[in-house]
Amino acid sequence: MKKSQIALVAAATAVVTAAGVLTAPPLLAATPDITVNTASSFQTIDGFGAATPIFNGSGSPWTTGETQTLVGMGPGQLGLSIVRTVVSPVASEWGLYASSLQTAKSYGSGVKILASPWTAPANFKTNNSRVGGGKLRTDFYDDYAEHLNGYVQYMKNQGVTVDVTSVQNEPDWHPDYDSMDWSGTELRNWVRDQGAKVRDTKLMVAESLRFNRAFTDPTLQDATARNNVGYMGGHLYDAENSGNLSPYPLANQYGKNQWMTEWNLHAADGSGSNIWGNASNAVVWNETLDDIMRTVHRSMEASWSAYIWWYGRRFYSFIGDGDAQYGTTKGAVLRRGQAFSQYAKYVRPGDKRVALTKSSRASSLEVTAYQGRGKITLVILNRSNSAVNNAVIQTPQSISAAEYTVTSQNLGAASQPANLSDGQATVNVPARSISTVTITEGSVPTTPPTTPPTTPPTTPPTTPPTTPPTTPPTTPPPGTGACTVTNAVSAWNNGLVDNITIANTGTSPVNGWSLRFTLGSGQTITSGWNATYSPNSGQVTATNVSHNSSIPPGGSTTIGFQATHGGNSAAPTGFTLNGTACS
């Protein structure tokens, strides 16, 4: 082998994965399985979200902590960027969810608020009732505009911008609870003549039950009405069967983004089985992947800009509500939430969906790709029973970094390796999973972004060393008493989540770290974030990943894991950072 060839091989083997593990990628560019084409683009993403409790008495408002879990971008949080709430027909009820909305706006990243009315005040309607349908009386059209504007201004005074206000939830559904009946023509007339009176927000029509375009076409076809409305909305109930989970050419023609604003499915529970608190329950996971995540994927392929689930906190939703018969813990993240976060947390408002092609080897994968913020993000559904290993992703740009996160029946938003080479990332896609590859565009770093020696082994060790390495780290570890560790454990019947904060209380930075601790008896780690964990029980070592390898003096970093337990949900003990005991 020539010297030039030896140098090429040496450079090729010094590639760092997203988890900071050194691996040996192929020496030559591999045939891509997924090829991203950023020259061809589709819709701009507005976000992914869920609803607060809607009806008075349907549940207490989200707590501050629950709201932060739903909209936050930190470890163990779900990254929702849209919160849907209700415009009550009774003004005295408007403040019920104000605190939750204030928290979402202040804590989340660019969170939008969608406010939907189920009915006008009873005396505005032909049946003089909040329930059972009934139409808005034409002599109260202007009063209804002032009613909606009053809500928007009330929330504005509470420090909450209502970004989008719907004219009506489900105008084609007239149940024995809050509801109101409209035709597409009546919606057009109201939006045309009264819509401009609802200020400081954008209007939406029509949130029909099946995304029925008969309720939105008339508004789009009228220039004045069209100029008074910002978004087209609809629900997914029976939308696939009716052919409406599909592109909407008329809305696209006039530049109106389409939002899917409600769907709710929990057939998996049968007659009230206590299965939802078990993160690995197969029936729950199958419904989550094959029905819910599939429709998110299809909505994105239909060029819709937003997908909003029903209640964010419910036993069948994203965080548990503590309903004893269904087995969830109030506020604890559920596997369905982790699956949805594969879209919500990584595909952010303002990203644009772009084109891609797949090889025959990747034909079983359902993939969408997005570009924005200097990143290319791919969400991959593998609903088949076979893994697709060493799936090669090709992008037009060079890749400086990649992160790979997987949710499956047994993994909850878990970091996995992503091998990098120029313009390519290679990942293993597990069977029956949803995963996200987040690629940072830019030049490949010339040196690894972590602190192992500059000449790494060509393959990683199968387990971390049981004794400290003989070569000292590049920066001395903090002295005794220079670190503190705090735990935040959330436990349920057979599982727990622990968020661990490591604080550097010394005077020197910690560059490259390993945190060793002992799990409680009977506990087994099933997934983790912001660190690599080995082994998964007993005495565990958590090692930094690339983005948190340095902890400055006075700084901290938070890592976490999910684990099963047999009744002992105690926090870990015996923390040492780079061999030094932490207080």
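Heavy atoms only: backbone and side chains are in, while hydrogens, waters and symmetry mates are out.
With hydrogens and angles ignored, the 3.5 Å screen pairs a side-chain donor or acceptor of T103 with a backbone N or O of S99. A distance-only check finds a donor-acceptor pair linking the side chain of R348 to the backbone of A344 [under 3.5 Å]. Side-chain atoms of N499 never come within 3.5 Å of backbone atoms of A488 as a donor-acceptor pair (strictly under, hydrogens ignored). Judged by distance alone, the side chain of T580 and the main-chain N or O of T576 form no donor-acceptor pair under 3.5 Å. Between the N504 side chain and the G506 main chain, a donor and an acceptor come within less than 3.5 Å of each other. No donor-acceptor distance shorter than 3.5 angstrom exists from the side chain of Y326 to the backbone of G320, with no hydrogens or angles considered. The closest donor-acceptor contact from the side chain of Q523 to the backbone of N568 lies under 3.5 Å. Side-chain N or O atoms of Q424 include one that pairs as donor or acceptor with a backbone N or O of A30 at under 3.5 Å. One N or O on the side chain of Y533 and one on the backbone of G560 form a donor-acceptor pair closer than 3.5 Å. The main-chain N or O of R84 is never found under 3.5 Å from a side-chain atom of K112 such that the two would form a donor-acceptor pair.
Between W276 and H266, the angle of the ring planes goes over 60°, which puts this pair in the perpendicular group of the 30/60° scheme. Note: F575 and F517 have tilted aromatic rings, judged against thresholds of 30 and 60 degrees for the angle between ring planes.
Side-chain contact, R516 with T541: a donor N or O sits under 3.5 Å from an acceptor N or O. Remark: the Q409 side chain and the S280 side chain contain no N/O donor-acceptor pair separated by less than 3.5 Å. A donor-acceptor contact under 3.5 angstrom links the side chains of T52 and T85, judged on distance only. Between the side chains of Y97 and Q102, no donor-acceptor pair of N or O atoms lies under 3.5 Å. With 3.5 Å as the limit, one finds no donor-acceptor pair spanning the side chains of T524 and S537. Checking W513 against S549 by side-chain atom types alone, no donor-acceptor pair falls below 3.5 Å. Using modelled atom types and a 3.5 Å distance limit, the side chains of K352 and S41 yield no donor-acceptor pair.
For the pair N278 and V284, the minimum side-chain heavy-atom distance is 4.5 Å or more. Side-chain contact between P553 and P509 is present, with heavy atoms from C-beta onward closer than 4.5 Å. You'll find the side chain of K330 stays beyond 4.5 Å of the side chain of F315, heavy atoms only. Counting heavy atoms from C-beta on, the side chains of T440 and I399 never come closer than 4.5 Å. Residues V392 and I34 are not in side-chain contact: their nearest non-hydrogen atoms beyond the backbone lie 4.5 Å or more apart. In this structure, V83 and L114 have side chains that are not in contact, with every pair of non-hydrogen atoms separated by 4.5 Å or more. Within the 4.5 Å cutoff, side-chain heavy atoms of N428 are placed close to those of N390. Put simply, the side chain of T407 reaches to within 4.5 Å of the side chain of R335, judged on heavy atoms.
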Original post:
Going through the distances and angles, do Q43 and S305 end up as a side-chain hydrogen bond (donor to acceptor under 3.5 Å, both in side chains)?
Top reply: CA-CA 6 Å; Q43 79 271 30; S305 294; 5.7 Å; no
Subject >> Residue pair Q397, Q371: steps toward the side-chain contact (heavy atoms from CB on, under 4.5 Å) verdict >> reply: CA-CA 11 Å; Q397 297 82 7; Q371 185 179 36; 3.7 Å; yes
Subject >> Working for salt bridge (charged side-chain N to carboxylate O under 4.0 Å, His left out), residues R314 and D323 >> reply: CA-CA 8 Å; R314 198 71 172 97; D323 191 328; 3.8 Å; yes
Original post:
Going through the distances and angles, do I439 and V437 end up as a side-chain contact (heavy atoms from CB on, under 4.5 Å)?
Top reply: CA-CA 6 Å; I439 292 170; V437 183; 3.8 Å; yes
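A salt bridge does not link R313 to D321: none of the charged side-chain nitrogens sits closer than 4.0 Å to a carboxylate oxygen. Salt bridge annotation for R383-E366: present, with a cationic side-chain nitrogen under 4.0 angstrom from a carboxylate oxygen.
No option in L70, V333, T69 other than L70 meets the side chain to side chain contact (heavy atoms under 4.5 Å, CB included) test with F318.
Here the two rings, on Y307 and Y343, have centers that are 6.0 Å apart or farther.
Between L78 and S341 the shortest heavy-atom distance is O-CB, 3.5 Å.
Because its NZ or CZ atom is both nearer than 6.0 Å to the ring centre of F42 and within 45° of the ring axis, R353 counts as a cation-pi partner of that residue.
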